[in-house]
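Below is one structure; the comments refer to it alone.
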Amino acid sequence: QVQLVESGGGLVQSGGSLRLSCTASGRFFSISTIGWYRQGSGTQRALVAGFTESNIPVYGDGVKGRFTISRDNAKNTVYLQMNSLKSEDTDVYYCHADIKASPNYEYEYWGQGTRVAVSS
């Protein structure tokens, strides 16, 4: 059973920093893409940052220069370093990954979500 386990959310003051972690656990062949989305109340999930299948980092609107995504392949873990946080960054952040169970079978997974709250 593959799971994405997230950690690192919390409450921080405006201008502060947080680091989110997401680890893919269980048995699988490989990770194709992995990254972070965010969702506020009544809104659709939007990309924050992620790695493409070619391991190229991509960033969503409004975070480039403030957020940095990185990964540790040996630990099957992706990190999101969030600096210069603003109140509008307040949301629930979800880890997302496309993971191959075998070379020909790929499945989509979501983490349970971790809340980030930025006070002004």
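- Between Val48 and Val63, the closest heavy-atom pair is O-CG2, 3.4 Å.
- Tracing side-chain contacts under 4.5 Å through hydrophobic residues (I, L, V, M, F, W, Y), one reaches Val92 starting from Trp110; they form part of the same cluster.
- A side-chain donor-acceptor contact under 3.5 Å links Thr114 to the backbone of Gly9.
- Residues Phe29 and Ile34 fall into different hydrophobic clusters, defined by Ile, Leu, Val, Met, Phe, Trp and Tyr side chains chained together at heavy-atom separations under 4.5 Å.
- In the hydrophobic cluster analysis, where Ile, Leu, Val, Met, Phe, Trp and Tyr join through side-chain heavy atoms closer than 4.5 angstrom, Tyr105 is grouped together with Val2.
- Between Ser120 atom OG and Glu88 atom CD the span is 9.5 Å, to the nearest 0.5 Å.
- Closest approach of Tyr93 to Leu20, counting heavy atoms only: CB-CD1, 3.7 Å.
- In this structure, Tyr37 is not a member of the same hydrophobic cluster as Met82, with clusters built from ILVMFWY side-chain heavy atoms closer than 4.5 Å.
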Quick one, Asp72 with Thr77, criterion side-chain hydrogen bond (donor to acceptor under 3.5 Å, both in side chains). Give me CA distance, side-chain angles, the key distance, then yes/no. CA-CA 5 Å; Asp72 184 334; Thr77 297; over 6 Å; no
Would Gln81 and Ser17 count as a side chain to side chain contact (heavy atoms under 4.5 Å, CB included) if you check the C-alpha gap in whole Å, the side-chain angles of each, and the deciding distance to 0.1 Å? CA-CA 7 Å; Gln81 179 66 42; Ser17 299; 3.9 Å; yes
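- A pairwise comparison of heavy atoms in Pro57 and Ile69 identifies CB-CG2, 3.9 Å as the closest pair.
- For the residue pair Ser32/Glu106, the side-chain donor-acceptor check at 3.5 Å is satisfied.
- With hydrogens and angles disregarded, a donor-acceptor distance shorter than 3.5 Å links the side chain of Glu6 to the backbone of Gly113.
- A cation-pi arrangement is not found for Arg38 relative to Tyr94, the charged atom failing to lie both closer than 6.0 Å to the ring centre and inside a 45° cone about the ring normal.
- Residues Ser14 and Ser87 have side chains not in contact (no heavy-atom distance under 4.5 Å, counting atoms from C-beta outward).
- Closest approach of Leu18 to Gly8, counting heavy atoms only: CD2-O, 3.9 Å.
- Using a cutoff of 4.0 Å between basic side-chain nitrogens and carboxylate oxygens, Asp89 and Arg66 are scored as salt-bridged.
- Around CD of Gln44, the count of heavy atoms belonging to other residues, nucleotides or ligands within 6.0 Å does not exceed 12.
- Residues Asn76 and Thr23 have side chains that never bring a donor and an acceptor to within less than 3.5 angstrom of each other.
- In this structure, Thr52 contributes its side chain and Ser54 its backbone to a donor-acceptor pair below 3.5 Å.
- One hydrophobic cluster, built from ILVMFWY side chains closer than 4.5 Å, holds both Phe28 and Phe51.
- The nearest pair of heavy atoms linking Asp91 to Gly40 is OD1-CA, 2.8 Å.
- Taking NZ from Lys75 and OG from Ser21, the interatomic distance works out to 9.5 Å, rounded to the nearest 0.5 Å.
- Figure legend: cation-pi geometry between Arg71 and Tyr79 absent, as NZ or CZ is not positioned both under 6.0 Å from the six-membered ring centre and within 45° of its axis.
- Using modelled atom types, one side-chain atom of Thr90 and one backbone atom of Val118 make a donor-acceptor pair closer than 3.5 Å.
- Atom OH of residue Tyr109 and atom CD1 of residue Ile99 lie 6.0 Å apart, to the nearest 0.5 angstrom.
- For Trp36 and Phe67, the ring centers sit 6.0 Å or farther from each other.
- Listed here is the closest heavy atom pair of Leu4 and Cys95: CD1-O, 3.7 Å.
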